[in-house]
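A short write-up of the structure that comes next.
Whatever order the structure lists ligands and atoms in, that order sets their numbers, starting from 1. Both backbone and side-chain heavy atoms feed into the values below; hydrogens, waters and symmetry mates do not.
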Amino acid sequence: MELKIGIIGIGAMGRDHVERINERVNGAVVAAISDINKDTAIAYAEEIGATFFENAEDLISSEDIDAVVVTSWDPTHEDYVLECIKNNKYVFCEKPLAIEASGCLNIVHAETEKNKKFVQVGFMRRYDRGYEEIKHELQTGTLGETLLIHCTHRNEMVDEGYDTPMAVENTAVHEVDALRWLLEEDFVTAEVRLPKKQTTKTHAKLHDPQLILLETESGVIIDLEVFVNCQFGYDINCKVVCEQGEIGLTNPTYYSIKTERKDSTRVPSDWKERFIAAYDRELQIWVDGVKNDNITGPSAWDGYMASVTTSACSEARDTGERKDIKFEPKPGLYNQKLRETI
Ligand code: NAI
């Protein structure tokens, strides 16, 4: 049976997921869409053969829809996800789960009241082969204890709507989740340094680059450079330094070009190119999980923990101080074993 999916928010990410579900994911079809931009959405619904719902709540409660994908603007996520839980519908919600940690906690409480996980958050890096292989290698223990992690999150450039807080809340949030998952431990402190020396390619509202320092429960220190006007491409690095060696990501590439005494490989242009395989796997595994009534991806609790951590980073940046990261006790619902990697 094909899973009938309704998507709320048909912008860049929503359309990407429509294409993914209809063309590359097995066992699911986009049956309905909803977007506040009505005329564009009606035309798009016709194009893909889906039903248009003017009211997203009607899409969520429709008996013709088995599960929901939320790809609307960030401030709308919390209400739509809560509505899905109320209607006992599985929901895949793009990050962030909610604007504030308290909003994420509302979702956690709604799930715990029903004693069931309905929510998966769009942290696709957990499905990237590079991160999965690093996690697998760390779990074998052959490299010894993990000591330090060096990360970079670099984008070619951003527009003037992107400001200093977004570097943490919209960009570094991916590392925050991926590293928590990689190490299977939480962060205890956050610090953010805004270097005096900035790129001339930035604009008034954005301090670029920024340096984030996180410390985990066991004492692993992570430095994360967020540099979103780096000019040369989308460059994601993660080097884990262990007692017996180092393990890190490489940019997935299948060829190199040798010319004019240079040997070069491509740097991806953006996240869609770099993580395309991860996005596809993320949704395939989610669809399979919904059909088996057992979703195993990033949970509402992971969405909450990411939010608590990024809020501490924002506070650390604004005060110039190192901040403790405090969180509520974890409900038993979220102690289930995670999906095995690879
Ligand atoms: P976008 O602005 O291109 O699209 C958002 C769409 O939502 C628009 O069509 C807008 O009309 C619609 N919308 C806004 N409020 C709505 C409401 N109340 N009800 C129904 N529709 C509504 O934005 P984009 O880039 O597609 O981002 C969407 C979400 O995906 C964001 O939350 C963003 O953080 C997330 N995202 C995640 C990425 C990832 O790597 N996982 C990458 C890029 C975005």
Geometry only, no angles: is [X] polar-contacting ligand 1 at N/O separations under 3.5 Å?
X: Pro96; answer: no
X: Trp271; answer: no
X: Thr76; answer: no
X: Ser34; answer: no
X: Gly14; answer: no
X: Asn170; answer: no

For [atom], closest protein heavy-atom neighbour:
atom: atom 11 (O) of ligand 1; answer: Asp35 OD1, 2.6 Å
atom: atom 25 (O) of ligand 1; answer: Ala12 CB, 4.0 Å
atom: atom 18 (N) of ligand 1; answer: Tyr80 OH, 3.1 Å
atom: atom 35 (C) of ligand 1; answer: Lys95 O, 3.6 Å

Report the distance from atom OG of Ser299 to atom CD of Glu111, rounding to the nearest 0.5 Å.
-> 7.0 Å

Distance (rounded to the nearest 0.5 Å) between Asp223 CG and Leu148 CG = 7.5 Å

Take every heavy atom of [X], measure it against each atom of ligand 1, and state whether any distance is under 4.0 Å.
X: Ala56; value: no
X: Lys272; value: no
X: Phe123; value: no
X: Tyr279; value: yes
X: His77; value: yes

Just jot down the ligand 1 atoms closer than 4.0 angstrom to any heavy atom of Gly122, in number order.
-> 41 (N)

Under 4.0 Å from a heavy atom of Ile8: give me the atoms of ligand 1 that qualify, with their elements.
-> 20 (C)

Does [X] use its side chain to pair, donor to acceptor, with the backbone of [Y] at less than 3.5 Å?
X: Thr171; Y: Val168; answer: no
X: Thr216; Y: Leu183; answer: no
X: Asp208; Y: Val228; answer: yes
X: Glu315; Y: Cys313; answer: no

Could you note down all residue pairs passing salt bridge (Lys or Arg N to Asp or Glu O under 4.0 Å) where residues 158-177 supplies at least one of them, sequence neighbours left out?
-> Arg125-Glu175, Arg126-Asp177

Using a 4.0 Å heavy-atom cut-off, which part of [X] comes near ligand 1: side chain, backbone, both, or neither?
X: Met13; value: both
X: Thr71; value: backbone
X: Met124; value: side chain

Does Leu224 belong to the same Ile/Leu/Val/Met/Phe/Trp/Tyr cluster as Val308, with side-chain heavy atoms less than 4.5 Å apart forming each link?
-> yes

Could you list the residues that satisfy side chain to side chain donor-acceptor pair (under 3.5 Å) with Lys239, not counting sequence neighbours?
-> none

Can you confirm whether the side chains of [X] and [Y] place a donor and an acceptor under 3.5 Å from each other?
X: Gln210; Y: Thr164; value: no
X: Asn37; Y: Asp39; value: no
X: Gln284; Y: Asp288; value: yes

